[in-house]
Every structure is written in C-alpha cells, then in structure tokens.
Amino acid sequence: MKQSSYRNRILFYFTALAATVCPNLFAANHALLIGIQDYPMTEQSQERGLQQLSGPRNDIKLMEKILSAPPLQFPEDNIKILLDKQATHSAIEQAFADLKAQVNPNDFVYIHFSGHGSERINENPDVDNEITDNDQTWVTYGASTGSFPPLSKDDRDILDDQINVWLAEIGKVTDQIVFVSDSCHSGSVSRGPKMGVRAVAMDARPYPRAASVTNDAPPIGIRIGASGDKESAYEITQNGRSYGRFTWFWSKALNAVKPGETWGDIFKRTEVLMREESMMGLSAIYQRPQIALQNLLDQDIIVLGGDFPDRGTSILATSIDNEKQVVRLNAGLLGGVTKDSIFRVYAATENPSEAFAEVEITNVTPFSSEAKIVKGQVSVGDILVESQHAYNFGPIHVVIEGDDILGHEQNQKIFSLIADQLNTPEFELVNERRNDGWIIYLLRPDQQDGQYYASGAMLPKSKSGAVLEAWVLNMQEELLDDTMRVKLSNLDQDVNELVRKMKKLADLRDLKMLNNDPPDVRIQAYRLTEDDFCNDDSHAELCFRVDNRLYRATDSTELTLMDGQRQPLGSKIGFLVENRTQLPYYVYLLSISARDGAFVQFPLGHRTSEYARINGRESKKLEGALYFPNPGQEVIKVIMSEKPLDPSVFEFAGTQQERGVTRGPQNPLERLLNRTARLRGVRVYAPDPSEWGTVQAQMVIVKEGKDALNR
C-alpha cells in the first residue's frame with residue numbers, strides 16, 4: 001500500500017515523467033507524441049466545460065523537430081504521432097503496447113502528451129492515497145462527448161493509474177523513459193471554459209469497476225510535471241503561434257542541451273525560463289513545473305549518455321541568397337533570436353570589437369531565422385554573434401467583456417467609450433480572448449459584509465442594482481492588482497482613470513520584462529530584525545540602518561531563489577552585492593509594483609553616480625532596505641552596467657501615483673530603459689550585451705504565511 005501511494009503521488013504531479021538516459025551507445029531512441037487540440041464540441045462536452053485548444057499541434061510539431069534534429073537525432077521511423085481524432089482512449093492504449101513491442105533493453109523512450117487534463121474521484125482510497133484525494137486524468141479525443149457508447153473505453157478519460165500500468169509494461173524492457181504531459185492537474189481551478197487553459201471539469205459519472213485499476217509497480221525514471229497539483233497549465237503565443245507554456249520552455253531548455261548535462265539540469269533550466277517569462281503584467285502565473293524521483297540520484301543521469309557533439313553557443317550562416325542579400329541562420333526563437341536584432345560576423349584573426357560584417361534579423365521561426373546583410377560580406381559557415389538585441393514591445397491585446405446582467409445596449413455603450421480611450425500605442429483592441437493579453441470585465445459585483453461574494457468562482461457574481469465596476473484581468477481571469485477594480489459611477493471620468501492605470505501597468509510590465517544575462521555578480525538578500533545594539537558600521541555583523549533605526553541581518557538567500565516565493569506583510573529586506581568579476585560594475589536596485597510603480601532603492605537620489613560603483617572582487621552592503629507595507633505582487637530588480645546610469649530612467653508611475661521622468665542626454669541603456677513603454681513598435685536596441693545584465697525576483701506579499709528567507 002505504501003508503495004502504491006508513493007507511485008501515485010509522483011506520477012501525477014500530473015505532468016510527466018521524464019527520465020533516465022541511454023548508457024548503451026548502440027541503443028535506439030523511440031518517441032510517442034500525442035496532441036489533442038480539436039476536441040468534439042457537443043452538448044455533453046460543453047456541459048463539462050470542454051473547449052478547443054490552440055497549442056497542442058504546435059507542441060507536437062516542436063517536439064518532433066527537437067527530437068529528430070541535432071543533437072538528439074531520433075530516427076524518423078521511430079517517432080509515432082497521434083493527433084486529434086487519432087488519439088482516442090483505445091488508440092493511445094494500443095500505441096503504448098506497440099511501443100513496448102518495439103523497444104529493446106537499454107533503448108531510450110520519450111513520451112509527450114499535450115491536451116486537456118482533469119480529475120476523477122479516487123475509487124481506491126484504501127490503496128491509492130492520492131495527494132489531492134483524486135485520480136488525475138488525460139481527456140482523450142471523444143471522451144464525454146457522446147461520440148462513443150456511454151462509459152465505453154473511448155467515452156472515458158485515461159486515469160493516471162492506467163497510464164502507470166502501461167509505463168510499467170515498457171519498464172519491463174527498458175527503464176530509459178521520459179514521459180511529459182503538458183496538461184492541467186485539476187479542473188477544480190478553472191472557472192468554466194477559458195482560452196489557453198488545459199483543464200476541464202471532473203467527469204462525475206461512475207466508471208465501470210474494471211476501469212479503476214491499481215498497480216504496485218515502482219515508478220520508472222524521473223517524472224517532471226508542467227504544473228503543481230492544484231495549478232493550471234497554460235498556453236502562450238510565440239511569433240503568432242500558440243504553444244503549451246511548459247512545452248515551449250521545456251523545448252527551449254532541451255534545444256540548448258550540451259554533452260554532460262543531466263535531466264535535472266534540463267528541468268532546472270526550464271523552471272528558470274518559466275519564472276523569467278512574464279506575459280501577464282505584474283500578476284503571477286501560478287504554474288510551477290514539478291519533478292518527482294524514485295531515487296534522488298536519477299536527476300544526475302546524463303541526457304542520452306552525453307553521446308552527441310557540443311554545438312556551442314554560436315550562430316552559423318547556413319545558406320546565402322546573394323541576389324537578395326539574405327542569410328539563413330541555424331538559430332531562432334528557441335535560441336533567443338528576435339526580429340530586428342543585429343548580428344556581427346567576425347574574422348578569426350581580427351579584434352573582436354571590430355565588426356567584419358553585420359546582418360539584421362528579418363524573420364524568425366522556432367529553429368531558424370533569416371537576415372538581410374547590412375554591412376560587409378557573409379559566407380556559408382560564418383559564425384555570427386549578437387551585437388544589438390531588439391526589444392520589440394508590441395501592443396497588449398485587450399478584449400472587453402461583460403456580464404449579461406448589464407444588458408446588451410448598456411454593454412455596447414460602455415464598450416464603445418472604453419474602445420475610444422484605448423486607441424493608444426500601448427493597446428490593441430481585439431474581438432476575442434488572446435492568451436497573451438488582458439480582459440476588461442464589466443460587472444456589478446455582489447458583496448456581503450464588504451467582501452465580494454464569489455460563490456466558488458474566481459470572479460464574483462453580478463447582482464442587479466450593485467455598482468457597476470470594470471476589472472482588469474489576465475487571461476486566466478486573475479485580477480492584475482487590487483487597484484485594477486474601478487467603479488464606473490461617472491463614465492467619462494472613471495473610464496479615463498481606468499485607462500490611465502492600464503497604461504501604468506503596461507509601462508511597468510515592459511520594465512519588468514527587460515532582461516539580459518548578468519555578469520558574475522551575486523545579490524544576497526537578508527531578513528532584517530530590529531536590534532538597537534547592532535553596529536551598522538560592522539560589515540561582519542551586517543547591520544542596516546533604516547529610518548534611523550538599527551536592524552540585524554538574520555536569514556539569507558540569493559535574490560534569484562526568492563523568485564515565486566511568499567513574503568509576510570511588513571517584511572524588511574537588506575542586500576549585499578558581491579562582484580566576482582575583475583571589472584567594476586554600477587549596480588542599481590529597484591522595486592516594482594502595480595500600486596507604487598518602479599522606484600530606485602539603491603543608490604538613493606542624493607548620491608553621486610560613483611556611489612553605485614562596485615569594483616571587481618569587491619563586496620558592498622547596500623544602504624537602506626526594502627519595506628513591504630502592502631499585499632500584492634512585488635518585483636525586486638537589479639540592473640548592472642559597465643557605465644554609470646541616471647537612476648531616474650528607472651522610475652515609472654504606479655496606478656496610485658504620477659511620477660516624472662528626468663529628460664536629458666542618455667547613453668544607449670538609459671534610452672532603452674526610458675523608451676521600453678513609450679516607443680512601442682519602434683526598434684529599440686540595447687548596447688552590447690556584454691556591457692550590462694539584470695537579476696530579478698517576483699514575490700507575493702501576504703498578510704501571513706511562511707517566509708522564503710526562512711526555509
């Protein structure tokens with residue numbers, strides 16, 4: 001019983017198993033890729049909240065390319081793909097059986113599922129102690145749609161228990177398995193059909209007893225999940241196409257694999273990339289990938305035994321159209337290439353600072369890109385290095401929706417008024433939800449004792465006669481910030497205030513998204529506890545003076561490890577910067593929140609620019625501390641530059657205030673920082689990527705809860 005319980009907990013964290021690798025140089029590689037996007041839309045499926053998805057086909061195409069291309073190079077004949085109507089319950093079961101029949105000992109197996117996930121009541125609680133008290137499921141093509149006889153195999157979801165039985169059968173031949181499932185763990189977090197969320201409501205029908213299987217076999221390999229047990233798996237848009245958020249960043253991490261890296265390394269890289277990515281303003285996306293292991297050492301298994309060449313980090317010219325002066329390059333979106341960026345070609349014998357030739361990126365796909373030659377000559381096989389990175393902050397897609405209680409005529413009147421105000425470079429009004437945008441939702445929220453009454457839904461119910469409000473949400477129907485609830489009593493005035501706040505959030509979102517790989521500069525964060533006997537001149541004791549009171553540093557962690565953590569209301573955090581490089585860097589620490597905007601904590605405004613300088617191999621305790629008096633999302637961002645900056649370029653107004661920005665002569669990085677939100681659609685370049693870098697952590701400030709600094 002204990003063994004089965006352990007197995008269920010780690011099988012459906014829900015998404016996936018990812019696994020061990022191939023020590024046998026002569027072993028074969030096999031893959032089974034399953035994607036369900038176009039679910040049948042029937043009365044039965046709509047009652048369950050089933051909706052079409054946008055990304056699974058792109059997920060499978062992406063994974064097919066990753067696996068078949070260097071460095072992994074799976075044989076084309078060994079990659080089996082099931083899409084949409086090919087992916088019924090019985091067809092998936094047969095595909096697992098076929099896979100078992102094909103593999104030999106020490107062969108490597110990769111399995112990937114992209115589609116809807118759900119839950120079922122655990123009908124074997126005495127045997128299977130699921131972490132959520134429910135079984136998790138794959139929603140297969142045709143399940144719960146009336147397309148098949150009721151409760152027949154193809155009318156039912158596939159339970160996690162059943163998947164584990166199939167995997168255990170393959171495990172009798174080889175334990176070299178990777179199993180990834182980009183779907184939600186639970187339908188309970190959904191509020192009905194929502195674009196870009198891979199969850200549907202629980203199938204409440206009683207399944208035949210024969211469908212409720214158990215298995216005491218130990219789990220196979222390493223298991224990696226797209227999200228936590230009570231989190232949704234989302235879709236995102238990249239270059240105009242939708243993908244599973246987890247699949248995109250998992251592919252990006254896998255595409256960058258180097259010989260000697262482990263599956264644990266790939267998982268950690270995916271986790272970091274997902275944390276850094278931000279599409280939904282200042283609100284957090286609660287999707288954290290999970291890793292579960294039978295043996296902690298399994299995460300140290302080397303990917304494919306390391307039996308592939310190191311492609312390095314260089315970008316190569318693979319073909320030239322001399323007539324059109326167009327170059328094709330072997331890196332694209334997954335390699336961080338962006339449209340309008342500039343790459344240089346260097347001669348091996350020349351000074352690296354002198355450009356031999358330059359190209360400008362004109363078109364980007366996930367794996368390749370095209371560029372026009374703007375200087376010099378380029379030949380096939382030339383190595384190109386990015387010299388200017390383009391941050392194209394396009395407009396935010398906004399859709400306006402409203403509860404039916406408002407009435408069609410009033411809805412249209414308010415929609416038209418808001419649309420007029422939104423005719424700005426920051427926003428693009430669209431007719432339907434886009435998974436990279438915002439929602440303006442009109443409602444008359446019901447309140448009881450001053451609290452919004454939600455009746456189990458994420459949004460409150462509307463009540464006739466209640467005050468009309470506009471709420472700004474992300475596409476997961478989460479409020480961007482508490483300040484983004486605006487009462488619409490005086491329509492003209494209040495709509496103007498709503499759009500003003502949205503513009504401030506757009507500014508802050510773009511500043512938050514501005515990132516570049518940092519130099520080797522470590523940012524250490526400390527919990528501060530008031531101590532009148534602390535000596536703030538003592539570096540060893542790390543004492544800080546805040547508002548003429550003394551605080552002692554207690555628990556500590558690196559700033560990057562605070563990302564995604566919760567901090568209690570009223571926390572005070574101090575910082576120590578350790579420059580591990582030989583070069584001096586100017587260091588600027590700022591705090592970003594929707595309510596207060598972005599402001600500089602270090603150096604303070606009265607300091608000279610040289611005060612921000614930290615010499616090579618030097619450590620410096622930053623003056624003051626950050627104080628968090630309000631609940632909500634907070635971002636701590638550190639910008640490091642080889643050149644001194646004007647701190648005023650970091651300052652953006654929040655939704656609660658206006659803040660001026662100093663104008664004047666600026667260096668390239670200052671111009672970039674000051675124009676991120678003001679010149680949308682204009683090509684904006686950073687200086688040489690080696691000259692600056694960023695580190696940041698997004699936290700949630702709560703009234704109570706465990707502090708990340710005291711783990």
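With rounding to the nearest 0.5 Å, the separation of CG in Asn474 from CG in Leu479 is 9.0 Å. Between the CD atom in Glu235 and the OG1 atom in Thr247 there is a gap of 9.5 Å [rounded to 0.5 Å]. Atom CD of Glu558 sits about 9.0 Å away from atom CD1 of Ile523, to the nearest 0.5 Å. Leu542 CG to Gln524 CD: the interatomic distance, rounded to the nearest 0.5 Å, is 9.0 Å. Atom CZ in Phe533 sits 10.5 Å away from atom CZ in Arg552 (nearest 0.5 Å). Expressed to the nearest 0.5 Å, how far CD1 of Ile636 lies from CD of Gln698 amounts to 11.0 Å.
Looking at Val472 and Tyr441, their side chains never come closer than 4.5 Å, going by heavy atoms from C-beta outward. Under the 4.5 Å side-chain criterion, counting only non-hydrogen atoms from C-beta, Leu480 is in contact with Trp438. Side-chain contact check for Leu511 versus Ile592: some heavy-atom pair is nearer than 4.5 Å. Looking only at side-chain heavy atoms (C-beta outward), Trp263 and Val303 come within less than 4.5 Å of each other. Within the 4.5 Å cutoff, the side chain of Ile236 has heavy atoms near those of the Phe249 side chain. Inter-residue side-chain proximity for Leu528 and Ile573 is flagged as unmet; no heavy-atom pair is nearer than 4.5 Å. Counting only heavy atoms from C-beta outward, the side chains of Val521 and Glu578 never approach each other to under 4.5 Å. Between Met274 and Phe246 there is a side-chain heavy-atom pair separated by less than 4.5 Å.
Salt bridge absent: Arg545 and Glu623 never bring a charged side-chain N and a carboxylate O closer than 4.0 Å. Ion pair Arg269/Glu271 not flagged as a salt bridge, since none of the NZ, NE, NH1 or NH2 atoms sits closer than 4.0 Å to an Asp/Glu carboxylate oxygen. One finds a salt bridge joining Arg549 and Glu530 here, because a Lys/Arg side-chain nitrogen approaches an Asp/Glu carboxylate oxygen to under 4.0 Å.
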Worksheet item: Does the side-chain contact (heavy atoms from CB on, under 4.5 Å) test come out yes or no for Leu505 and Asp507, once each step is laid out?
Response: CA-CA 5 Å; Leu505 278 188; Asp507 288 352; over 6 Å; no
Practice prompt. Mind running salt bridge (Lys or Arg N to Asp or Glu O under 4.0 Å) on Lys258 and Glu261 for me, showing each step along the way?
Written response: CA-CA 6 Å; Lys258 298 180 182 300; Glu261 289 189 324; over 6 Å; no
Discussion item. I'd like to know whether Tyr585 forms a side-chain contact (heavy atoms from CB on, under 4.5 Å) with Ser641, so could you lay out the CA-CA distance, the side-chain angles of the two residues, the decisive distance to 0.1 Å, and finally the verdict.
Written reply: CA-CA 6 Å; Tyr585 278 93; Ser641 172; 5.8 Å; no
Item to complete: Applying side-chain contact (heavy atoms from CB on, under 4.5 Å), run through Asp482 and Arg595 and close with a yes or a no.
Response: CA-CA 8 Å; Asp482 286 342; Arg595 180 184 299 272; 4.2 Å; yes
Worksheet entry | Test log, rule side-chain contact (heavy atoms from CB on, under 4.5 Å), inputs Leu590 and Val638 | CA-CA 6 Å; Leu590 52 152; Val638 177; over 6 Å; no
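Side-chain N/O atoms of Asn516 and Thr694 include no donor and acceptor closer than 3.5 Å. Under 3.5 Å, the side chains of Ser341 and Gln388 contain no donor-acceptor pair of N or O atoms.
Of all the heavy atoms in Leu550 and Cys534, the pair that sits closest is CD1-O, 2.8 Å. Taking each heavy atom of Pro519 and Gly693 in turn, the nearest pair found is CD-CA, 4.1 Å. Val600 approaches Pro647 most closely through the heavy-atom pair CG2-O, 3.5 Å. The heavy-atom pair separating Ser571 from Pro568 by the smallest distance is OG-O, 2.6 Å. The shortest non-hydrogen separation linking Leu508 to Ser593 is CD1-O, 3.4 Å. The minimum heavy-atom distance between Val546 and Ala625, with the atom names listed, is CG2-CB, 3.7 Å.
In this structure a side-chain-to-backbone donor-acceptor pair under 3.5 Å is present from Gln696 to Lys512. Distance alone, capped at 3.5 Å, is enough to place a donor-acceptor pair between the Thr270 side chain and the Ile266 backbone. With hydrogens and angles ignored, the 3.5 Å screen pairs a side-chain donor or acceptor of Glu618 with a backbone N or O of Asn615. Side chain of Lys503 to backbone of Glu426: no donor-acceptor contact under 3.5 angstrom is found. Thr338 contributes a side-chain N or O that, together with a main-chain N or O of Ala390, makes up a donor-acceptor pair within less than 3.5 Å. Side-chain atoms of Thr262 come within 3.5 Å of backbone atoms of Asp265 as a donor-acceptor pair (strictly under, hydrogens ignored).
Here Tyr588 and Phe650 bring their ring centres to under 6.0 angstrom of each other.
When the shell of 6.0 Å around CG of Asp517 is examined, it contains 12 or fewer heavy atoms from other residues, nucleotides or ligands.
Partners of Lys252 according to the side-chain hydrogen bond (donor to acceptor under 3.5 Å, both in side chains) rule, which considers only residues two or more places apart in sequence or in another chain, do not exist here. Partners of Thr581 under the side-chain hydrogen bond (donor to acceptor under 3.5 Å, both in side chains) rule, at least two apart in sequence or in another chain, are Asn579.
Ring pair Trp248/Tyr243 is tilted by interplanar angle, where 30° to 60° counts as tilted.
Note that Lys621 lies in the cation-pi zone of Phe544, set by a 6.0 Å cut-off to the ring centre and a 45° limit from the axis. By the 6.0 Å and 45° rule, Lys620 stacks over the aromatic ring of Tyr611.
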